[in-house]
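Reading through the structure tokens given below for one structure.
Just so it is clear, the values below take in all heavy atoms, side chains as well, and ignore hydrogens, waters and symmetry mates. By convention in this document, chain letters (A, B, ...) are assigned in the order of the sequence lines, proteins followed by strands, and residues within each chain are numbered from 1. Nothing here was measured: the structure is a model prediction, and the numbers come from that model.
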Amino acid sequence: MSKRTLDAFFKPPPKRTKPDNTSTTNEENNPSPPQSPDNHPTYPHSIAKLPTHLEKALSEAIETSNREGKIMNNQPDLDCVYFQPFLPRRTANELFRVLRAELPFYRVVYFAKRGGVDVEIKTPRFTTVFGVDEECFFACDDDDAGDGNGNVNADATPAAADINSNSQYRTSPLTLRKSPTTTTTSSTLPKYTYPPRPIPSILQSLKKAVESATKETYNFVLVNYYATGEDSIAFHSDDERFLGFQPSIASLSLGAEREFLLKHKPAPATTTMTGSADGGGGSGGAGGTTIKLPLSSGDMILMRGTTQANWLHSIPKRKGRGLAGVGGRINITFRRAVIPAGTDNYYHYNVGSGGGLGVG
DNA sequence: ATTCATAATGGTG
DNA sequence: GCACCATTATGAA
């Protein structure tokens, strides 16, 4: 519970409001004209826009990139699409460097008692998250205002309201609004424990590209940063209630190649071996095949349908050889949260109590 | 009850 | 020995 975020773990190149082209990502002849960065009261610092040459490379890539993807449904309950690649390697690598430098990552740290003593546990990855659940949107979001269909119109003017009577939301051009489509009668915003953060433009363009390729819409962007081979994530499913029924989740890899493991959930530990209705889990369990995907920079995998309900996935630790070890990898997941509980959960476990949030 | 991280174990190549 | 893998246990939320 005493999770906290530690900016101290994060030692990126300096972030600044002013454009700085002395840093890594300048391999083009024409320096991009500086654009004003994104600012928001919920951001700990400003977030630069995508350099125009990258933005261009990205949109070009979208035209010509692998939009088909390989459908993986040859195992029980598995329904994935593997875009290999989704972005060209060079674009993906450059994107990695930009995001690594610009996004406010956190390493969640908490204490657990072991042998009577508090032991500090550092979650083995950095995370950050942006977005709001379906019940709200940020007024200036490019396409979140509608639902991708632009069906916000003058007649369905959403009621403006302060979030939790917090004045910081009034001062921002990106004001949180209640979705017109929400069934709730109340005109007030949901009570969020953690202030939702609008998706910065640097990720908006990416989101659009992913939405177009996967034919889904998303309202959350979760970013994981695996700094070294020591960073990892244990087997789990993204099957939270607030993602709704059979959620589609797209996951884009940038940077170092890491293996992505998929295995069927083990059969429930029943004391009485009364078979389940379909027996479909039979090929799962300990004996089931573990699918191994070497995700490299620019690859994307879409998990949909029955996948989350029945499969686990993980990024295991990797030793890596050589002095450099395993390099850094960024994983961007796009998903859709349906209810405010999802918003609170994501900010709770991926940002925490707001260490360094630039409030006021 | 389930989930997630860590550590220990024993096996494989 | 090393890297990796599967399994088990522990602790906590």
A:Arg89: what forms a side-chain contact (heavy atoms from CB on, under 4.5 Å) with it, not counting sequence neighbours? A:Asn93, A:Ser296, A:Ser297

Gap between atoms CG and P, on A:Asp118 and C:dT10 respectively (whole Å): 20 Å

Report the distance from atom NZ of A:Lys292 to atom P of C:dA3, rounded to the nearest whole Å. 16 Å

Taking ring-ring contact (aromatic ring centres under 6.0 Å, His included) as the definition, give me every residue that meets it alongside A:Phe96, ordered by chain and number, with sequence neighbours left out. none

Measure the distance from CD on A:Glu259 to P on C:dA6 and round it to the nearest whole Å. 11 Å

In 5'-to-3' order, the base (B), backbone-only (S) or no-contact (-) status of each nucleotide in nucleotides 4-10 of chain B, using a 4.0 angstrom heavy-atom cut-off, is SSS----

A:Glu211/A:Lys207 salt bridge by N-O under 4.0 Å criterion: yes

Whole angstroms only, please: what is the CZ-C1' distance between A:Arg318 and C:dC2? 14 Å

Could you tell me which residues satisfy side-chain contact (heavy atoms from CB on, under 4.5 Å) with A:Ser205, sequence neighbours excluded, listed by chain and number? A:Leu50, A:Glu55

Just how far, in rounded Å, is P of C:dA12 from CD of A:Glu120? 16 Å

Listed once per pair and sorted, the salt bridge (Lys or Arg N to Asp or Glu O under 4.0 Å) pairs that draw on residues 297-311 of chain A, sequence neighbours left out: A:Asp79-A:Arg304

Length of the CD-P vector between A:Glu230 and C:dA3, whole Å: 11 Å

Members sharing A:Leu312's hydrophobic cluster, built from side-chain contacts under 4.5 Å between Ile, Leu, Val, Met, Phe, Trp and Tyr, are A:Phe235, A:Leu261

